[in-house]
Amino acid sequence: MLKALPELTGFALAMDASQKAHLVRKFEKNNEDFRDKYLDLTLEKQAKARFKKVEKQADDWLGSVSRTQEAIIARYLEKHPPNYAQWLEDSIARQRAVLQLLTQIQNEKPSRDVAQAMVQRAILANYEPSEQTAQRTQAEASRVSIQQLMTDIIRTSSQEQKAHAHKKLQGLIDDCKYLIARK
């Protein structure tokens, strides 16, 4: 997000009240969709939906997961249950911070440099948690466990699955090269 600081600052300075109201409605809709999709389900349905999501992601990269890989995914999900309520709470807190910042910028109408400093502080406070926070520790543990899941799935991949993943990666590389060449 810090790399997009100039663009985010320009966005914050240019946003008017109707655009901010639209953003508020979009946040509310996204939060309601999240509640419907995750929080309003039984634990069993949450588990099935989460399994299907992870399996689909693996299928996208490998073509089709094997029974062994399905079992790896299931074990991972059992060991790492989601905390959807916390995810939503964290998301709402970040949304609130964004809206407060936009309101402050709209009210104070600061110079671009001052606004950029305000946006940077907000990013660092809300999206780059300090090393000491429980959130950072939890995020790091989650990252490590996801890496282990990926390692276990890749370790059990067939040659056909590896070829499928290679083709997908090559397509992304080709897309990036095309976009860079257009610049």
Side-chain angles (χ1 to χ4, degrees), residues 1-39 46 49-50 53-54 56-58 60-61 76-77 80-151 165 168-183:
M1 290 188 76
L2 290 173
K3 289 182 180 182
L5 189 57
E7 292 80 6
L8 292 171
T9 301
F11 171 77
L13 286 167
M15 182 175 265
D16 63 29
S18 68
Q19 291 170 318
K20 184 179 162 202
H22 178 78
L23 184 60
V24 168
R25 289 189 303 275
K26 182 68 176 164
F27 283 161
E28 289 170 351
K29 171 87 170 87
N30 289 349
N31 295 340
E32 188 58 37
D33 289 348
F34 186 90
R35 280 184 199 92
D36 290 346
K37 191 172 182 176
Y38 299 105
L39 293 176
Q46 283 181 9
R50 190 164 178 238
K53 181 179 178 183
V54 173
K56 182 184 181 319
Q57 290 169 336
D60 286 346
W61 284 99
Y76 167 82
L77 295 176
H80 303 283
N83 188 345
Y84 293 127
Q86 184 64 51
W87 291 350
L88 181 59
E89 185 179 315
D90 291 347
S91 180
I92 289 171
R94 285 190 302 275
Q95 292 167 6
R96 214 175 286 124
V98 166
L99 294 172
Q100 287 171 347
L101 174 64
L102 292 172
T103 299
Q104 183 180 4
I105 289 173
Q106 283 178 339
N107 292 341
E108 295 177 10
K109 299 181 183 9
S111 69
R112 182 169 186 83
D113 288 343
V114 170
Q116 185 161 317
M118 294 166 72
V119 172
Q120 183 174 0
R121 277 192 305 274
I123 290 169
L124 293 173
N126 292 291
Y127 293 94
E128 298 290 332
S130 71
E131 293 296 329
Q132 293 82 18
T133 67
Q135 183 182 14
R136 172 67 98 191
T137 303
Q138 183 180 7
E140 179 62 18
S142 177
R143 186 185 64 74
V144 168
S145 67
I146 289 170
Q147 285 176 339
Q148 185 60 54
L149 170 65
M150 292 169 59
T151 300
K168 183 170 179 89
L169 283 172
Q170 189 60 54
L172 292 172
I173 291 168
D174 293 346
D175 290 347
C176 288
K177 284 180 179 178
Y178 171 77
L179 292 171
I180 290 168
R182 288 190 58 192
K183 187 172 180 182

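Heads up: numbering here begins at 1 and tracks the sequence. Only this structure's heavy atoms are used, side chains among them; waters, hydrogens and symmetry mates stay out.
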Is there a side-chain contact between Trp61 and Leu169 (heavy atoms, below 4.5 Å)? yes
Hey, what do you get for NE2 (His22) to CZ (Phe27), rounding to the nearest 0.5 Å? 10.5 Å
Would you check, one step at a time, whether the test side-chain contact (heavy atoms from CB on, under 4.5 Å) holds for Leu2 with Leu124? CA-CA 8 Å; Leu2 290 173; Leu124 293 173; 3.9 Å; yes
Any salt bridge linking Asp90 with Arg94? Criterion: basic side-chain nitrogen under 4.0 Å from a carboxylate oxygen. no
When rounded to the nearest 0.5 Å, the distance separating CG of Leu77 from CG of Leu149 is 7.5 Å
Gln46 side chain to Tyr38 main-chain N or O, any donor-acceptor pair under 3.5 Å? yes
Roughly how far, to the nearest 0.5 Å, is CD1 of Ile146 from CE of Met150? 8.5 Å
Do you know which of Leu179, Ile180, Ile173 makes side-chain contact (heavy atoms from CB on, under 4.5 Å) with Lys177? Ile173
Give the minimum heavy-atom separation between Gly10 and Arg112, together with the two atoms involved. CA-NH1, 3.5 Å
Distance (rounded to the nearest 0.5 Å) between Leu88 CG and Arg35 CZ: 5.0 Å
Using distance alone, with no hydrogens and no angle criterion, decide if Asp16 and Ser18 have a side-chain donor and acceptor under 3.5 Å apart. yes
Which heavy atom of Met118 sits nearest to which heavy atom of Leu101, and what is that distance? CB-CD1, 3.9 Å
Atom NZ of residue position Lys168 - does it have more than 12 heavy atoms of other residues, nucleotides or ligands inside 6.0 Å? yes
State, yes or no, whether a side-chain contact exists between Thr9 and Asp113 at a heavy-atom distance under 4.5 Å. no
Could you state the interatomic distance from CG (Leu102) to CD (Gln19), rounded to the nearest 0.5 Å? 10.0 Å
Could you check whether Gln147 and Arg143, counting side-chain N and O atoms only, form a donor-acceptor pair closer than 3.5 Å? yes
So which atom in Lys20 and which in Leu99 form the shortest heavy-atom distance, rounded to 0.1 Å? CE-O, 3.9 Å
Kindly compute the distance separating CG (Leu5) from CD1 (Ile123), expressed to the nearest 0.5 Å. 5.0 Å
Under a 3.5 Å distance rule, please check whether Ser91 uses its side chain to pair with a backbone N or O of Trp87 as donor and acceptor. no
Met15 and Gln106 have their tightest heavy-atom pair at O-NE2, 3.4 Å
Would you name the heavy atoms of Ile105 and Pro110 that are closest together and state the gap between them? O-CD, 3.4 Å
Is it true that Arg25 and Glu28 have a side-chain N and a carboxylate O under 4.0 angstrom from each other? no
